[in-house]
**Student:** 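Here it is: the structure, laid out below.
Heads up: numbering here begins at 1 and tracks the sequence. Given the structure is predicted, the values throughout are model-derived calculations rather than measurements. The basis for the numbers below is simple: all heavy atoms, side chains too, and nothing from hydrogens, waters or symmetry mates.
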Amino acid sequence: NLGVKEPFEIVVFASNSLDANSEQGKATYLQKTKEWIGIIRSAGAEPVLYWLPATVKPHPLAGSDLGAKTEEMMLKAANENHVLVVPVAAAFREAYHQRPDIKLQVYDGNHPTLAGQYLAAAVAYATFYKQSPVGNPYDYFGALDADTRAFVQKIADDTVKSFFGR
């Protein structure tokens, strides 16, 4: 109902970052996801789930098991409904593992920095196109330094290959 003449090929959607924090939230997410997937498919598009990264400090839930709960919920929804997942959270986790000092999320510990947005985009690119983002020269008009760009491109490539067994 957006006034678009051509149908969408894919529709990407994510959970709320707190959906997995309660049994009721998880149940509602799983139920609503199944409903939305049915609606999306009936419109001729393919649904895709965007796996949000876990929160980091100073967010009050940083260090909790919310990331693991979200992973479990997301993968359950994907497997039950046979939908593709964009594994952004897995890439963030690996980037933080390799470079604990990298800043992928802003002051609230939830929303992405430019480097975090770039990493998420690189993961989406590798997921949808089945091509490596490594070597892509785009740097947001010089706003992303070459070292960070190369690092997140490699993380995205390695994560997607590992996640999908490519």
Side-chain angles (χ1 to χ4, degrees), residues 10-22 25-26 28-30 32-33 36 46-79 81 83-166:
I10 63 170
V11 176
V12 180
F13 62 102
S15 69
N16 175 298
S17 60
L18 297 178
D19 283 341
N21 207 29
S22 71
K26 284 190 276 190
T28 299
Y29 173 80
L30 293 170
K32 289 296 182 185
T33 298
W36 294 332
E46 193 56 38
V48 176
L49 299 178
Y50 183 97
W51 179 11
L52 291 169
T55 57
V56 296
K57 290 181 181 180
H59 193 281
L61 292 172
S64 72
D65 62 352
L66 183 57
K69 288 178 180 177
T70 300
E71 177 177 1
E72 179 185 340
M73 179 185 76
M74 178 67 54
L75 296 180
K76 180 176 181 170
N79 289 328
N81 296 288
V83 297
L84 183 67
V85 172
V86 181
V88 174
F92 271 58
R93 183 175 54 222
E94 184 59 24
Y96 282 130
H97 174 75
Q98 290 187 28
R99 287 196 186 168
D101 61 331
I102 193 166
K103 301 292 183 214
L104 298 175
Q105 287 154 291
V106 297
Y107 65 90
D108 66 359
N110 193 21
H111 297 92
T113 62
L114 178 62
Q117 292 171 9
Y118 195 101
L119 175 56
V123 170
Y125 175 85
T127 300
F128 293 131
Y129 294 104
K130 298 179 182 172
Q131 294 181 13
S132 174
V134 173
N136 186 324
Y138 183 72
D139 63 2
Y140 197 74
F141 308 103
L144 192 65
D145 67 89
D147 180 58
T148 302
R149 182 179 75 235
F151 175 71
V152 298
Q153 286 175 351
K154 181 158 180 12
I155 290 292
D157 188 44
D158 291 349
T159 299
V160 170
K161 285 177 179 173
S162 174
F163 187 77
F164 293 107
R166 296 183 184 160

**Student:** Using only atom types and a distance under 3.5 Å, with no angle test, would you say the side chain of Thr148 pairs donor to acceptor with the backbone of Leu144?
**Tutor:** no
**Student:** Would you say that Val123 contacts Trp51 through its side chain, given a criterion of any heavy-atom pair below 4.5 Å between the two side chains?
**Tutor:** no
**Student:** If you compare all heavy atoms of Ala54 against all heavy atoms of Gly67, which two are closest, and at what distance to 0.1 Å?
**Tutor:** CB-CA, 3.9 Å
**Student:** Grab the two heavy atoms, one from Leu52 and one from Ala14, that are nearest each other, plus how far apart they are.
**Tutor:** CG-CB, 4.0 Å
**Student:** Quick test of your reading of the model: are Asp147 and Arg99 salt-bridged, counting only N-O distances below 4.0 Å?
**Tutor:** yes
**Student:** Restricting to non-hydrogen atoms, name the atom on Val86 and the atom on Ala124 that form the minimum distance, rounded to 0.1 Å.
**Tutor:** CG1-CA, 3.8 Å
**Student:** For residues 65-74, which residue pairs qualify under salt bridge (Lys or Arg N to Asp or Glu O under 4.0 Å), counting only residues two or more places apart or in two chains?
**Tutor:** Asp65-Lys69, Glu71-Arg93
**Student:** Could you tell me whether the side chain of Tyr29 reaches within less than 4.5 Å of the side chain of Thr70, counting heavy atoms only?
**Tutor:** no
**Student:** Measuring only between side-chain heavy atoms, which start at C-beta, is Phe13 closer than 4.5 Å to Leu49?
**Tutor:** yes
**Student:** Pairs in or reaching into residues 100-117: which pass salt bridge (Lys or Arg N to Asp or Glu O under 4.0 Å), with residues at least two apart or in two chains?
**Tutor:** none
**Student:** According to ring-ring contact (aromatic ring centres under 6.0 Å, His included), does anything in residues 129-156 pair up with another residue at least two apart or in another chain? List the pairs.
**Tutor:** Tyr125-Tyr129
**Student:** Taking it one step at a time, do Phe163 and Thr127 satisfy side-chain contact (heavy atoms from CB on, under 4.5 Å)?
**Tutor:** CA-CA 10 Å; Phe163 187 77; Thr127 300; over 6 Å; no
**Student:** Has the side chain of Gln105 got a donor or acceptor atom that lies under 3.5 Å from a matching backbone atom of Asn110?
**Tutor:** yes
**Student:** Using salt bridge (charged side-chain N to carboxylate O under 4.0 Å, His left out) as the criterion, list what pairs up with Lys130, not counting sequence neighbours.
**Tutor:** none
**Student:** Quick check: closest heavy atoms across His59 and Gly109, and the distance to 0.1 Å?
**Tutor:** CB-O, 4.1 Å
**Student:** Can you list every ring-ring contact (aromatic ring centres under 6.0 Å, His included) pair that touches residues 86-112, not counting sequence neighbours?
**Tutor:** none
**Student:** For residues Pro133 and Asp157, determine if any side-chain heavy atom of one lies less than 4.5 Å from a side-chain heavy atom of the other.
**Tutor:** yes
**Student:** Which heavy atom of Ala62 sits nearest to which heavy atom of Thr55, and what is that distance?
**Tutor:** N-OG1, 3.5 Å
**Student:** Would you give the length of the straight line joining atom CG of Leu30 to atom NZ of Lys76, rounded to the nearest 0.5 angstrom?
**Tutor:** 5.5 Å
**Student:** Can you find a pair of side-chain heavy atoms, one from Glu94 and one from Asp158, that are under 4.5 Å apart?
**Tutor:** no
**Student:** Can you see which heavy atom on Leu66 is nearest to which on Ala20, and at what distance?
**Tutor:** CD1-C, 3.9 Å
**Student:** For Asn21 and Leu18, indicate whether the former's side chain and the latter's backbone hold a donor-acceptor pair under 3.5 Å.
**Tutor:** no
**Student:** So do the side chains of Tyr118 and Asp139 get within less than 4.5 Å of each other, counting heavy atoms only?
**Tutor:** no
**Student:** Does Gly135 offer a backbone N or O that forms a donor-acceptor pair with the side chain of Gln153 under 3.5 Å?
**Tutor:** yes
**Student:** I'd like to check the salt bridge (charged side-chain N to carboxylate O under 4.0 Å, His left out) partners of Asp145; sequence neighbours left out, ordered by chain and number.
**Tutor:** none
**Student:** Which value, rounded to the nearest 0.5 Å, describes the distance between Arg149 atom CZ and Leu114 atom CG?
**Tutor:** 11.5 Å
**Student:** When rounded to the nearest 0.5 angstrom, what distance separates CG in Leu104 from CD1 in Ile155?
**Tutor:** 9.5 Å
